Number of protein chains: 2
Amino acid sequence: MTNKNKRTDDTRPIGPFDPHQSPPPSFAERVPAFLDGSETPRELLEGCLERIDALEPSIAAFVHLDVNAARAEADASTARYAANRPLSPIDGCPVAVKDIIETADMPTQMNSPIFDQWQSGRDAASVFALRHGGAVIPGKTVTTEFATGVSGPTHNPYDLSRTPGGSSSGSAAATAAAMVPVALGTQTAGSIVRPAAYCGVYGYKPTHAALNIGGIHPLSLSHDTLGTLAGNMADAWITAHYIASIVGGTPPHPGLDGPSSLPDARKPETLVRLCTEGWREVDGSVRQEFETTLDRIAASGVRILDRGNTPAVADLESLLEDVDNIARTVSVYERRWPFADYAKRHPGKLGETAQERLDTAMAMTRDEFLDALARQTEIRAQVDAIADIADGFVTLTAAGPAPVGLESTGNRSFQIFWTLTAAPCITLPRLAVDGMPVGLQVLGFRDRDADMMAVARWIDALCIA
Amino acid sequence: MTNKNKRTDDTRPIGPFDPHQSPPPSFAERVPAFLDGSETPRELLEGCLERIDALEPSIAAFVHLDVNAARAEADASTARYAANRPLSPIDGCPVAVKDIIETADMPTQMNSPIFDQWQSGRDAASVFALRHGGAVIPGKTVTTEFATGVSGPTHNPYDLSRTPGGSSSGSAAATAAAMVPVALGTQTAGSIVRPAAYCGVYGYKPTHAALNIGGIHPLSLSHDTLGTLAGNMADAWITAHYIASIVGGTPPHPGLDGPSSLPDARKPETLVRLCTEGWREVDGSVRQEFETTLDRIAASGVRILDRGNTPAVADLESLLEDVDNIARTVSVYERRWPFADYAKRHPGKLGETAQERLDTAMAMTRDEFLDALARQTEIRAQVDAIADIADGFVTLTAAGPAPVGLESTGNRSFQIFWTLTAAPCITLPRLAVDGMPVGLQVLGFRDRDADMMAVARWIDALCIA
């Protein structure tokens with residue numbers, strides 16, 4: 001069993017990771033105590049701040065903290081519960097915010113010297129919604145440079161010698177170490193679910209544009225997706241749902257459907273085992289973990305489709321073989337602006353990788369871009385076709401546990417394809433190898449996020465049991 | 001005949017407007033002279049600056065001018081032509097920029113005290129593209145507050161007692177007065193084509209998202225559209241096309257199709273006369289002008305469809321009866337962010353109308369928004385159906401000439417419907433009443449901007465002849 005209140009040793013501040021452990025109580029489960037006064041949002045925050053005090057020096061999840069402001073927000077929330085008038089289902093919930101998301105009261109720095117101490121003067125749409133609902137925002141979490149380039153200083157809480165993943169590095173590490181129950185992250189390739197998997201938390205990437213990305217620094221708008229990372233699945237869903245209820249999706253997307261509380265678990269009739277090229281790198285122990293889980297799912301009476309028994313799956317996997325090229329073409333072309341402007345205006349200030357990608361973007365032809373868009377459309381249509389015969393997909397979230405070293409945030413080959421489909425996915429912290437978390441990924445269908453959550457909740461419960 | 005080099009009297013600095021006058025030479029027509037040295041971009045700019053000196057005190061088209069920077073840019077362009085190495089088809093072209101579009105070297109103020117002297121630190125995607133091609137940017141043009149609320153100080157150059165229209169007020173007035181050959185504008189309801197019509201210039205609203213709106217203050221992203229206003233149709237097209245060629249569309253839109261130079265004129269086989277509810281306000285003289293033009297088009301052998309002879313047109317007009325409600329619902333809901341954040345952070349600083357719209361937005365339910373989106377989809381489908389039977393549509397751009405007074409920028413009832421369809425349109429300065437311009441509007445089909453331009457060019461030539 002993990003014991004999150006003690007550092008187990010100097011290099012492994014939390015853990016070892018136990019994939020069968022029940023998650024910590026959700027924020028929603030605490031609300032009755034807030035209402036009857038037996039606990040307060042201020043006390044919840046103080047618990048978070050103690051964790052931050054103890055673990056932040058070794059983990060470095062935050063780039064900016066404002067403890068005083070957070071305490072004031074928590075006190076205001078405490079007073080609202082005392083008056084029996086909370087503002088929302090997330091009133092008083094501590095939420096950390098990835099540092100490519102604008103905040104009026106804290107700098108937004110994109111992990112780039114170009115935005116050193118930058119003050120946006122306003123809250124991003126998502127942050128506006130959080131504050132509107134009375135959430136408490138203790139700080140900004142580490143991102144890689146513009147959510148793509150140079151890695152930040154964050155360490156994996158389960159092993160400081162390993163990457164937390166990226167680009168939502170700090171949001172993953174902070175939620176894993178229970179410094180906050182929930183954090184905002186963004187994904188353009190694999191930046192929510194990979195770090196969540198490496199750090200052993202839930203990472204929810206909604207349908208593309210279902211959460212309003214206003215005020216988030218653009219990387220590739222076709223793929224940029226706002227989502228949540230959390231120690232408890234309910235917190236991931238409820239926070240996302242509340243944001244969409246206040247500020248909608250990114251127009252013209254109509255926002256997130258489904259209930260305001262976590263959808264009830266639903267046993268799927270049929271799931272697809274998706275086996276993409278990333279599987280070549282998966283070693284025996286990880287493969288064994290996954291197969292054991294899949295066997296349990298099948299043993300529960302769920303029919304498993306794969307390329308062997310279902311031509312539509314074989315067709316999709318075949319289309320996905322070139323997904324990395326397609327995604328890279330779309331994403332690189334779309335970053336011409338604003339990066340070409342930054343490169344001109346701030347010579348030498350873009351990291352090497354970001355500069356290389358920009359050079360590629362400027363050399364790319366529109367026809368290459370249009371061709372990639374057409375192939376992306378083809379892949380999306382094939383996914384839609386499978387919606388008629390299955391309730392979702394399962395696969396790994398990454399090839400294995402977090403790699404050693406902080407320079408690279410890991411390989412995106414298990415995440416990029418579902419970003420490209422624009423469909424939702426969630427990583428469940430339900431596999432482990434050698435005390436390190438490994439993610440089990442559940443993939444859903446576009447604009448059917450609640451359906452995916454219901455299936456994921458059922459799988460999650462099965463894995464814990 | 002107009003004489004744009006003299007003020008005719010104190011209250012009518014230019015004009016009277018003659019709808020049969022040929023437009024001034026396009027920038028493209030000047031390029032051979034730049035290449036052979038008989039004219040220079042600096043000389044072109046100096047001509048513009050003389051117009052600005054003479055007319056800006058009475059017209060007030062600009063909120064910010066940087067003459068020194070513009071001269072340096074024009075000199076650099078002059079040197080490039082002298083070396084026979086212009087950067088692009090718009091190298092040396094003076095382009096004014098609406099003041100909701102970010103510029104790194106000039107403030108971007110949105111005509112709001114909230115953005116007083118605001119420096120964005122970067123160029124918007126469109127401005128980046130302009131500079132990339134060597135265009136000369138003399139200044140920022142007046143907008144209404146956030147392209148929606150309080151009117152700016154700009155006067156109509158054909159009659160100072162009248163509105164120039166809005167929200168791209170300054171861009172329309174500046175191009176009408178030949179202070180610049182071309183200017184950037186944006187349209188969320190009628191903000192490009194209405195001011196262009198009132199000021200007697202071409203106003204081109206491309207297919208929604210065909211020009212990248214990165215770095216433009218959002219109002220309603222479903223409808224916000226970047227376009228061009230110009231004294232010559234070629235300048236409007238070439239500038240727009242060049243921008244898209246460098247920074248693409250707003251992702252995931254693939255950008256603007258068509259040739260880099262103005263498409264050849266093409267006589268349409270069939271045009272739809274679109275008769276919407278705004279026609280009720282059209283008085284006899286304006287109606288007569290329009291009918292005369294339509295008669296000429298028909299006399300040239302173009303078949304005219306209308307609600308009387310074509311059920312699909314009747315169906316579309318019937319769907320459009322409620323367009324104002326639908327558009328307002330979508331546009332108001334989508335402005336929750338960032339305006340609710342501004343209202344909270346800067347109490348009393350939003351204009352009265354902007355604040356009212358925001359209050360409406362916050363009170364609106366998601367179901368109302370979803371219902372409006374569904375009806376918008378229905379209208380778009382009906383327009384698509386007409387693409388099979390017609391080459392485009394003709395109608396007025398506004399009910400008449402610019403109204404007297406500066407408080408209101410006029411009625412949007414002739415513009416809002418084509419913004420809602422996301423399809424392109426252009427206003428031609430080819431009608432007049434009492435020496436004031438009245439716009440003839442040509443409407444096209446989504447992502448077929450070049451086809452629309454070809455038809456508009458044919459109509460334009462017919463009207464001049």
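Computed from a predicted structure; not experimentally measured. Values below: all heavy atoms of this structure, side chains included; hydrogens, waters and symmetry mates excluded. Convention: sequence-line order gives letters A, B, ...; per-chain numbering from 1.
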Margin query: Heavy-atom pairs under 4.5 Å with chain A: which of B/L370, B/T250, B/V330, B/L256 has the most?
Written below: B/L256
Check: Just how far is it from atom CG of A/L221 to atom CD1 of B/I213, taken to the nearest 0.5 Å?
Finding: 9.0 Å
Notebook entry, point to check: Where on B/A129 is there a heavy atom nearer than 4.5 Å to chain A: the side chain, the backbone, both, or neither?
Noted result: neither
Note to self: Using a 4.5 angstrom heavy-atom cutoff, name the option from A/R336, A/H253, A/R366, A/K344 with the most pairs to chain B.
What the structure shows: A/R366
Next item on the list: Could you check which of A/S220, A/A124, A/G249, A/S120 has the highest count of heavy-atom pairs closer than 4.5 Å to chain B?
Entry: A/A124
Next item on the list: Could you pull out the closest heavy-atom pair between B/W337 and A/D123, with the gap in Å?
Entry: NE1-O, 2.7 Å
Checklist line | Leading residue by heavy atom contact count with chain B [cutoff under 4.5 Å; candidates A/P254, A/P218, A/G255] | finding: A/P254
Item checked: Taking every non-hydrogen atom, the tightest pair across A/G121 and B/R345 -> O-CD, 3.4 Å
Check: Any idea which of B/A104, B/A125, B/A340 has the most non-hydrogen atom pairs under 4.5 angstrom with chain A?
Finding: B/A125
Next item on the list: Using a cut-off of under 4.5 Å on heavy-atom pairs, state which of B/L373, B/D224, B/V247, B/I246 scores highest against chain A.
Entry: B/I246
Note to self: Counting only non-hydrogen atoms closer than 4.5 Å, does B/P338 touch chain A with its backbone (N, CA, C, O), its side chain (CB onward), both, or neither?
What the structure shows: side chain
Item checked: Residue pair B/E334 / A/P252: nearest heavy atoms and the distance that separates them -> OE2-CA, 4.0 Å
Next item on the list: Examine whether an atom of B/D105 lies under 4.5 Å from a heavy atom of chain A, and if so say whether it belongs to the side chain, the backbone or both; otherwise answer neither.
Entry: neither
Item checked: Proximal component of B/S245, with respect to chain A [non-hydrogen, under 4.5 Å] -> backbone
Next item on the list: Quick one: which of B/F369, B/W118, B/Y333, B/Y342 has the most heavy-atom pairs under 4.5 Å with chain A, could you say?
Entry: B/Y342
Next item on the list: Pick one of side chain, backbone, both or neither for A/A361, based on which atoms fall under 4.5 Å of a heavy atom in chain B.
Entry: neither
Notebook entry, point to check: Contact part of B/H132 toward chain A, heavy-atom cut-off under 4.5 Å: side chain, backbone, both or neither?
Noted result: side chain
